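Chain identifiers are assigned alphabetically (A, B, ...) following the order of the sequence lines, protein sequences preceding nucleic acid strands; residue numbering begins at 1 within each chain. Only a predicted model underlies this, so the values are computations on that prediction, with no experimental measurement involved.
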Amino acid sequence: MTAAAGGRVTAFVDNDIRPVGRGRMLRKEDPRFIRGRGRFVDDLQLPGMLHLAILRAPIAHGRILSVDITAAEAHPKVKLVVTGVMLAERSLAWMPTLSGDVQAVLATDKVRFQGQEVAFVVAEDRYAARDALELIAVEYEQLPAVVDVRTALDRSAPVIRDDVEGKTDNHCFDWETGDKAATDAAFARADVAVSQEMVYPRVHPAPLETCGAVADYDAVDGTLTVWSTTQAPHAHRTLFAIVAGLPEHKIRVISPDIGGGFGNKVPIYPGYICAIVGSLLTGKPVKWTEDRSENLTSTAFARDYIMHGEIAATRDGKILAIRTNVLADHGAFNGVAAPTKYPAGFFGVFTGSYDIEAAHCAMTAVYTNKAPGGVAYSCSFRITEAVYLVERLVDCLAYELKMDPVELRLRNLIRPEQFPYTTKTGWVYDSGNYEPTLRAALRIADYEALRREQQDRRARGELMGIGVSFFTEAVGAGPRKDMDIMGLAMADGSELRIHPTGTAVLRVSCQTQGQGHETTFAQIVAEEIGIPPADIRVVHGDTDQTPFGLGTYGSRSTPVSGAAAALVARKVREKARLIASAMLEVSVADLVWEKGSFYVAGDPAASVTIRDIAMRAYGDLPDGIEGGLEAQVCYNPENLTNPNGAYICVVDVDPGTAVVTVRRFIAVDDCGVRINPMIVEGQVHGGLTDGVGMALMEMIAFDEDGNCLGGSLMDYLIPTALEVPDWETGFTETPSPHHPIGAKGVGESATVGSPPAVVNAVVDALRPYALRHVDMPLTPSRLWEAMSGNPRPPI
Amino acid sequence: MQVPVPFDYERATSVEHAIGLLARLGPSARLVAGGHSLLPMMKLRLANFEYLIDINDLHNKLGYVKVEPTQIRIGAMTRHRELLESPELLRSFPIFHDAERVIADPLVRNRGTIGGSLCQADPSEDLCAVCTTLDASCVIRGLDGERVVRMADFYRGPYETAVGDAEMLTEVRFPLRPHGSSAYEKVGRRVGDWAVVSCGAAVWMDDGVITDARVGLAAVGPNTTGIPAISQALRGRPPSQDLYAEAGAIAADYCTPVTDQRGSAEYKRHLAAELTRRAMRRAVARVHGREL
Ligand SMILES: Cc1cc2nc3c(=O)[nH]c(=O)nc-3n(C[C@H](O)[C@H](O)[C@H](O)COP(=O)(O)OP(=O)(O)OC[C@H]3O[C@@H](n4cnc5c(N)ncnc54)[C@H](O)[C@@H]3O)c2cc1C
């Protein structure tokens, strides 16, 4: 392990100067984005292409009495109008969700959330399509909406899912993990037990690019090409085959440049299916691009957990057990994107980074008249909620014990010799060295000095807060035996070809939405095989061009596809070794690999470079050696990887206005071996910004009739550069023992770890007000109410 | 992409041309200035117009800040950014600089105009509060000439002004009075957000005592009077923290906030007091040539 926290990074090669393998290197994809030459779904123009717009429900819950499309059909530019009933005739009105439920493509019987798809129009241009929506007359019988998740299971609540036979309530599922008896016993023994209810509000991924698709069905050869905003092109192809009944080999899904995903682009949305149906029926390419309001109100939200947490400890601060009851709002359809066996995602890691004796969680999920989703929004399948729960609970415990929150954490962190560590809910953490990571953050922050400054300021009536969080992530889903989505195991393929002149093409199944795969994956291969990253092209996002795999989300690309890339490079290297032995006329056993070349043991002058080998691979070779220099692998991860980190946030709260300013933020991340530290830092910067946004301002709110109040970016606030400080980042490096190059995921670490640090800091600032907890979002109004003695949950 | 209903579009070449078009086309036509309020409403189809009359070519005639001995005149097409950067305004009415720094973002400020802001008459509009604080008058031009109305008459309620269908706002006038200064305070949920509450204050002093004071609030109900009760309470008294607090209490009492996504009515009332206190304190400091 190397610890270089806070200091300048010198351990890495600067790849823009000496370009082979890992190290800082400018991103290969950036020139095209900087020059406006990215190619996004909405940029696509095909000859004869038509445009699709979707009519959406204006109310949250209502029975459809009639849909009249005659006026819309009469619009001179309209080619096609389709209703739910028309889809039902083709058995396409409903589609499976990623979690075994069904979701309406177009509503037939009832609308179940405001913004639900009711009909669609295909027209010559998008203006006409939009105008024609207003010509469709839908009559609704409005029904009472289930908005308050706390009363969704009341007997008197209207039943949302009466499409499901025999359904008499709004219950979605129950889920349980841990050992209840052992946990209760630990609580019974504890000196102190603290309980706290906390809400993780419904938030939205809000990617800059909204969702959309262009579907092009060729009626002559029966092929369907779908360009779509998808984070998982291969999984989508398989699902399209299942939903639309088309032969899978004739479907091609292309995910071109994607303007941010954050989990929003994992599910299949009705719009994609509508575009496909539109193309099937018109014989023309059909484009659908949702607008901002549609994206915010109808596509996958995240979080929406009400968590009742309890933590038990000895008086000197040894944490014994944690238990929690969770009420989860899943919206109108269970569209959560998580591995099949994990209906609550990986929430089970709520024991955090602490060595405790027992834990238990009981969860109830319900349906409400809100948009479906509950997706992984930069959360590693609900680890965001889990980390928030445990990191807030630990602070609540510190509050009750009157102990410094850092001291309390230090007493309970899992020790390095305990790894691999099996948690009390059955997760195996691969590696970690937590204390040095936390100490690195304390050093950068100068924690002692901050606490002294805080005392001085408090004496002057100023409100300064210091918040700490320590998180453990579990990313890289996942091992085939445990993890699949609709029967598709979460293993990833990769393919590498080296051309005669020594340049290479790597094909990966995952898909970049801004993470820099084209750079990082080239560097992984470069490190293994000695070809400069500039000479390695990374092909991704096209099912016809890449091997099968489950896509990019849950920080899984580097842990899974990255491992596949390293292994396929090693496989090609072994092939190169055979060719080198022929070229140098020695046995393979006598060859030594040095990055980029093989030489004869004891005679370094006798060597061939990978470039020489590549040319020979396609030339004359002795009998028995297969020509070419390429290979393919499918990597099945042995376990998840567990990146972790220590975050410290410093805030100032204006006592008169309750406005929070994040003054400093220190993030020390351990994501194992770092391939491109610049990209890692970029991921951390973005995630921290996201975390500050969730802590301070983000929330999708509804009124009592279920109308969504966050339908624009003026109402649903996301943070800007002005809300955040200069990030102070550092790192420690504890390799993953099972990943071929010791790397772990990092994409979501900062989003997972930062919200509790911000909230802990604000609560710490409010110590003079004797508050132990305030729910997010910490808007000035909500915070002022808490300071005035009326804290209230956001829902 | 959000798209408005189809509309026709014409660029006005003069004020007369614009007014002539308005007169001919009636209420189905609208002027478009910076477009930063109008176009979002049209894209969301909250407002649908058949004609847009673009007055941006009139910026060379109606984009100005002119200082005269007794007043400053600002042309209706003067953009937020020009108000922010005007040295004359910074000198005479620092409230503009305070407010413009926190109105929207540079993109909006590059295009949005004072005329559009006042005519939009959004209850959260910051420049309405500024104009109220400074006791501005609006020059409205119609087919038959000009009339000048004070803010209290200009503002008729949310999104409603005294400007008729065939009229346009051409200029806003601000009386210059000696020994005074001004300041603006705003709380938003985020940079670029509309105000939760904002507050402008102007004070005039003589011989160490306050001779007059005006306060303009945004986002807490109709506010075009300058709150005379504050002036009455403060007149003839030397400034002090208690006095600022007193002004704040009057402002809180006077305003009529409602609970919404930006905050609760109670919080907004509290802010009206707090921000009045702060703006008042800052304005007084500026009268004495100090910046807080
Ligand atoms: C993202 C965003 C954030 C914003 N934040 C703030 C904020 O924090 N504070 C704030 O105060 N404002 C804010 N605004 C509003 C901004 O200041 C607008 O520019 C301003 O309200 C309208 O000015 P405009 O020139 O763009 O008017 P337009 O949108 O062109 O017009 C608005 C209305 O005024 C009419 N009109 C325009 N000029 C005239 C005229 N000369 N005579 C008669 N009628 C006329 C138009 O017909 C229209 O009805 C924000 C806007 C955006 C888009």
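Here S293(A) is the residue among S293(A), G711(A), G693(A) with the most heavy-atom pairs under 4.5 Å with chain B. For the options K268(B), R189(B), Q2(B), R190(B), heavy-atom pairs under 4.5 Å to chain A are most numerous at R190(B). Interface check for chain A: of the options R262(B), K43(B), H270(B), the most heavy-atom pairs under 4.5 Å are formed by H270(B). Contacts with chain B were tallied for L696(A), V659(A), T289(A), L709(A); L709(A) has the most, counting heavy-atom pairs under 4.5 Å. Counting heavy-atom pairs closer than 4.5 Å to chain B, the top-ranked of the candidates D654(A), T720(A), T779(A) is D654(A).
At a threshold of 4.5 Å between non-hydrogen side-chain atoms, the residues L771(A) and L766(A) count as touching. A 4.5 Å side-chain heavy-atom check between L39(B) and L52(B) finds at least one atom pair inside the cut-off. With a 4.5 Å cut-off on side-chain heavy atoms, K265(A) and C211(A) count as touching. Counting heavy atoms from C-beta outward, R292(A) and S712(A) have side chains that stay 4.5 Å or more apart. Looking only at side-chain heavy atoms (C-beta outward), L21(B) and E10(B) come within less than 4.5 Å of each other.
Under the 6.0 Å distance and 45° angle rule, K370(A) does not count as a cation-pi partner of F301(A).
For P719(A), the part lying near chain B is the backbone, with the side chain staying farther off; criterion is any non-hydrogen pair under 4.5 Å. Heavy atoms of L783(A) lying under 4.5 Å from chain B are absent altogether. In this structure, the portions of V191(B) lying under 4.5 Å from any heavy atom of chain A include both its backbone and its side chain. In this structure, chain B has a heavy atom under 4.5 Å from the backbone of D715(A), while its side chain stays farther away. For E274(B), the part sitting under 4.5 Å from any heavy atom of chain A is the side chain, from C-beta outward, and nothing else. Heavy atoms of M714(A) lying under 4.5 Å from chain B belong to its backbone as well as its side chain. When heavy atoms are compared at a cutoff of 4.5 Å, E294(A) does not approach chain B at all. With a 4.5 angstrom heavy-atom cutoff, S788(A) does not touch chain B via any of its atoms.
H75(A) places no side-chain N or O within 3.5 Å of a backbone atom of A71(A) that could act as its donor or acceptor partner.
The environment of R11(B) atom CZ is dense: over 12 non-hydrogen atoms of other residues, nucleotides or ligands sit within 6.0 angstrom.
The aromatic rings of Y716(A) and H204(A) stand perpendicular to each other, their planes meeting at an angle above 60°, with 30° marking the opposite boundary.
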